[in-house]
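Working notes, structure below.
Atoms within each ligand, like the ligands themselves, are counted from 1 in listed order.
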Amino acid sequence: MRASQKDFENAMNQVKLLKKDPGNEVKLKLYSLYKQATEGPCNMPKPGVFDLINKAKWDAWNALGSLPKETARQNYVDLVSSLSSSLESSSQVEPGTDRKSTGYETLMVTSEDGITKIMLNRPTKKNALNVEMYHEIMHALKAASKDDSAITVLTGNGDYYSSGNDLTNFTDIPPGGVEEKAKNGAILLREFVGCFIDFPKPLIAVVNGPAVGISVTLLGLFDAVYASDRATFHTPFSHLGQSPEGCSSYTFPKIMSPAKATEMLVFGKKLTAGEACAQGLVTEVFPDSTFQKEVWTRLKAFAKLPPNAMRISKEIIRNREKEKLHAVNAEECSVLQGRWLSDECMNAVVNFLSRKSKL
Ligand SMILES: CCCCCC/C=C/C(=O)SCCNC(=O)CCNC(=O)[C@H](O)C(C)(C)COP(=O)(O)OP(=O)(O)OC[C@H]1O[C@@H](n2cnc3c(N)ncnc32)[C@H](O)[C@@H]1OP(=O)(O)O
């Protein structure tokens, strides 16, 4: 999985050969990953507000924070690989290889060495989940459940795993008003969480940095969670006037005790990776400097195990809970639908969007 310097150079050459313009957003991503991979974190002075192009470039690079050079190199190679298959003819994918990528807007999805990797790919927005990303994750999970990989991994691009629900999701009000918006949100959320409950293969979270909101609650539905020691776990639902989702109202008290779950889900206590591990939410924590290397070595070994045996063992561990989890999911979504219409929630969203508050 680790990209060598040679892979990186090949990817740089491949970019020059792309026949179609991949668009400004992708070009900014390529630029920022290239700078991070070759020079490390951005320490250039921020360009002035009227220097639009250089400011956009600076913002994209700066958003990668302290992402290690090797990870940036890997992400650059993955991005170019996904562009090559989505923008060039499909005949460029060599027959007989098991690597594939797809033209997602908000994800990078690759399949190699028996592992399908779904990478949240909005690093400049800290991988916040917008509506498109919810749909693309569901699509990628459904595809991964049927492909020939043995295990599936969810991870984030950039310095965050994910900042949770994109708060601008609340701004696009349909003709039916906020009630219709809340109803549609609850339907989408229920379907989204349902895909995690029903996912048939081992599902592993590689938590590369801070995780917020729904990206944390879902972890209770994963089969293993590996975290960098830079990761934090934060579910500030009360601060946002909201309530728990992702089945966390059921999984968290079981995993960590009702009192510890209350500290997180009701009082919004942010856990370090070490604390999350001690409480059973995280399987193992690795130093950030060796995180990617150690985790991917381990995952590659897991992916060599007989896939049917792994699938059946997961089924027997998880199946008797499935019905309960679907019921919890439905209840949580219905409660949240009401919360989204509350003044508490609306004020919290307005405060964030008007830059008055941050977590
Ligand atoms: C179908 C609906 C289902 C809903 C399910 C219910 C889910 C609930 C949740 O997930 S609750 C959690 C929601 N998340 C938040 O409240 C996080 C909000 N973000 C922050 O507080 C901060 O951005 C931060 C602490 C995550 C990071 O701070 P910092 O390092 O200072 O970075 P910036 O704030 O400058 O962020 C960079 C850039 O990203 C945008 N951004 C970050 N998070 C979100 C977000 N959750 N939604 C929308 N946008 C986000 C931020 O605005 C900046 O954008 P800009 O550069 O200004 O364009």
Ionic contact status for Asp159 with Lys126, cut-off 4.0 Å: yes

At under 4.0 Å between heavy atoms, what of Phe192 touches ligand 1? The answer is neither

Salt-bridge present (Asp166, Lys125; N to O < 4.0 Å):
no

Sorted by chain and residue number, the side-chain hydrogen bond (donor to acceptor under 3.5 Å, both in side chains) partners of Asn329 (sequence neighbours excluded) come out as none

Looking only at protein heavy atoms, what sits closest to atom 51 (C) of ligand 1 is Phe352 CZ, 4.2 Å

Exam field: side chain Asp113 to backbone Ile115, donor-acceptor pair closer than 3.5 Å = no

task: Report yes or no: does a heavy atom of Asp159 sit under 4.0 Å from some atom of ligand 1?
output: no

At under 4.0 Å between heavy atoms, what of Ser163 touches ligand 1? The answer is both

Quick look: Leu240 vs ligand 1, heavy-atom contacts under 4.0 Å, and the answer is side chain

Checking heavy-atom distances from atom 2 (C) of ligand 1 to each of Val131, Asn165, Thr217, the winner is Asn165

- Message: Using heavy atoms and a 4.0 Å limit, tell me yes or no: is Asn169 in contact with ligand 1?
- Response: no

Near Tyr134 (heavy-atom distance under 4.0 Å), the atoms of ligand 1 are 1 (C), 3 (C), 4 (C), 5 (C)

Among His239, His234, Lys125, Lys126, the residue with a heavy atom nearest to atom 36 (O) of ligand 1 is Lys126

_Check this for me, if you would: do Glu70 and Lys293 make a salt bridge, where the nitrogen-to-carboxylate-oxygen distance has to be below 4.0 angstrom?_
no

Residues passing the side-chain hydrogen bond (donor to acceptor under 3.5 Å, both in side chains) test with Glu132, sequence neighbours excluded, are none

Going by the 4.0 angstrom heavy-atom rule, the piece of Trp340 near ligand 1 is side chain

The answer for which part of Asp166 has a heavy atom under 4.0 Å from ligand 1 is both

Per-atom filter on ligand 1: closer than 4.0 angstrom to a heavy atom of Leu188 are 1 (C)

Counting from 1 in the order shown, the ligand 1 atoms closer than 4.0 Å to a non-hydrogen atom of Gly164 are 10 (O)

- Query: Quick one: do Lys270 and Glu275 make a salt bridge, cutoff under 4.0 Å?
  - Reply: no

The protein heavy atom nearest to atom 57 (O) of ligand 1 is Arg355 NH2, 2.8 Å

